[in-house]
Colleague: 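Quick one: structure below, then a few questions.
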Amino acid sequence: MAVYDLNTEIDRERYRRRVEALFTKRAVVEVSEHKPKRSLSQNAYLHLLLGEFAMQTGNRLEYVKSEYFKKECNTELFVRYETDKLTGKEVCLLRSSKDLDTGEMTTAIERFKHWAAETAGIELPDAEDRAWLDYISREMQHLQIWL
């Protein structure tokens, strides 16, 4: 499958020719938009924020991630409801953070930081605050069995 960047003249022309050829053939096609994936650095940053919040509140990291980060702060990004096929009951499913693109992850992280400060009185570091993030990382390593 070819990927075309329609911001460039050459890819726009390649895309147009390819679509015309498929249209002429009356082919069955699939069109999708490629969104940028979040970076590993975003994932690592989120992990440290969740760890800091967990350490300050005495909760497990996974609990903080599901209950506070996903359900409380970012409901529309993560929470999905489906009907259980066997029982017919409505069940809550949480979308994985790996499915977010960069923009969605940035929004989710900023919401969590704001919520942590406003609701719990916990200030969380910015991504550029290397010394604080390094400290959190070391503390999380020391407390690994608890998080």
Colleague: Heavy-atom count around Tyr4 OH within 6.0 Å, excluding the residue itself: above 12?
Modeller: yes
Colleague: Rounded to the nearest 0.5 Å, what separation is found between the CD1 atom of Ile122 and the CG atom of Leu49?
Modeller: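 With rounding to 0.5 Å, CD1 (Ile122) is 11.5 Å from CG (Leu49).
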Colleague: For the atom pair CG (Asn74) and CG (Leu94), what is the distance rounded to the nearest 0.5 Å?
Modeller: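 Going from the CG atom of Asn74 to the CG atom of Leu94 covers 11.5 Å.
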Colleague: Is it the case that the side chain of Arg80 and the backbone of Glu76 share a donor-acceptor pair, with hydrogens and angles ignored and the cut-off at 3.5 Å?
Modeller: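 Here the side-chain-to-backbone pair exists.
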Colleague: For a side-chain contact (heavy atoms from CB on, under 4.5 Å) check, start with the C-alpha distance between Asp134 and Arg138, then their side-chain angles and the critical distance, and finish with the verdict.
Modeller: CA-CA 6 Å; Asp134 288 344; Arg138 288 190 304 274; 3.6 Å; yes
Colleague: Within a strict 4.5 Å, meaning less than it, do heavy atoms of the Leu77 and Met105 side chains meet?
Modeller: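 Leu77 vs Met105: side chains apart.
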Colleague: Of all heavy-atom pairs between Lys70 and Ser97, which one has the smallest distance, and what is that distance?
Modeller: NZ-N, 4.0 Å
Colleague: Within this structure, what is the CG-CE distance for the pair Leu133 and Met140, rounded to the nearest 0.5 Å?
Modeller: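 Interatomic distance, Leu133 CG to Met140 CE, rounded to 0.5 Å: 11.0 Å.
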Colleague: Hey, can you tell me if Phe53 and Trp115 have their rings parallel, tilted or perpendicular (30° and 60° cut-offs)?
Modeller: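 Plane angle between 30° and 60°, so tilted.
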Colleague: Could you give the distance from CD (Glu118) to CZ (Arg111), rounded to the nearest 0.5 Å?
Modeller: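 It comes to 15.0 Å.
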Colleague: Taking Glu62 first and then Lys65, would you say they form a salt bridge - that is, a charged N and a carboxylate O separated by under 4.0 Å?
Modeller: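 A salt bridge is absent here (no side-chain N lies under 4.0 Å from a carboxylate O).
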Colleague: A side-chain contact here means heavy atoms from C-beta on lying under 4.5 Å apart; do Phe78 and Ser66 qualify?
Modeller: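 Sidechains of Ser66 and Phe78: no contact.
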Colleague: With a 3.5 Å distance limit and no angle check, can you tell me whether Lys71 reaches the backbone of Val79 through a side-chain donor-acceptor pair?
Modeller: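 No, Lys71 side chain to Val79 backbone: no donor-acceptor pair under 3.5 Å.
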Colleague: Would you find more than 12 non-hydrogen atoms of other residues, nucleotides or ligands less than 6.0 Å from Ile10 atom CD1?
Modeller: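 No, the 6.0 Å shell around CD1 holds no more than 12 heavy atoms from other groups.
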Colleague: Would you say Glu82 has more than 12 foreign heavy atoms packed within less than 6.0 Å of its CD?
Modeller: no
Colleague: Calculate, to the nearest 0.5 Å, the distance between atoms CD and CG belonging to Gln42 and Leu100 respectively.
Modeller: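 Going from the CD atom of Gln42 to the CG atom of Leu100 covers 9.0 Å.
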Colleague: Side-chain contact test, heavy atoms from C-beta onward, threshold under 4.5 Å: evaluate it for Glu104 versus Asp99 and give yes or no.
Modeller: no
Colleague: Side chains of Val91 and Thr83: closer than 4.5 Å at any heavy-atom pair?
Modeller: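 No, their side chains stay 4.5 Å or more apart.
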Colleague: Go through the steps to decide whether Asp126 and Lys113 satisfy the test side-chain contact (heavy atoms from CB on, under 4.5 Å), and finish with yes or no.
Modeller: CA-CA 9 Å; Asp126 293 328; Lys113 286 175 61 181; 2.6 Å; yes
Colleague: Answer whether the closest heavy-atom distance between the side chains of Arg18 and Arg14 falls below 4.5 Å.
Modeller: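 Result no, sub-4.5 Å side-chain heavy-atom pair not found.
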Colleague: Looking at Glu9 and Arg12, is any side-chain nitrogen of the basic one under 4.0 Å from a carboxylate oxygen of the acidic one?
Modeller: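 The answer is yes: the pair qualifies as a salt bridge.
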Colleague: Exactly one of Leu124, Asn59, Ile136, Leu61 should register a side-chain contact (heavy atoms from CB on, under 4.5 Å) with Leu50. Which one does?
Modeller: Leu61
Colleague: With clusters defined by side-chain heavy atoms of hydrophobic residues (ILVMFWY) lying less than 4.5 Å apart, directly or transitively, does Tyr63 cluster with Ile109?
Modeller: yes
Colleague: Looking only at atom types and distance, does a side-chain atom of Thr107 sit under 3.5 Å from a main-chain N or O of Gly103, one as donor and one as acceptor?
Modeller: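 Between the backbone of Gly103 and the side chain of Thr107 there is a qualifying donor-acceptor contact (under 3.5 Å).
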Colleague: Can you tell me how far apart CG (Leu6) and CZ (Arg16) are? Round to the nearest 0.5 Å.
Modeller: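 Atom-to-atom, Leu6:CG and Arg16:CZ are 12.5 Å apart.
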Colleague: Can you name the closest pair of heavy atoms from Pro125 and Tyr45 and give their distance?
Modeller: O-OH, 2.5 Å
Colleague: Identify the heavy atoms of Asp84 and Leu86 that sit nearest to each other, and give their distance.
Modeller: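 Closest approach of Asp84 to Leu86: OD1-N, 2.8 Å.
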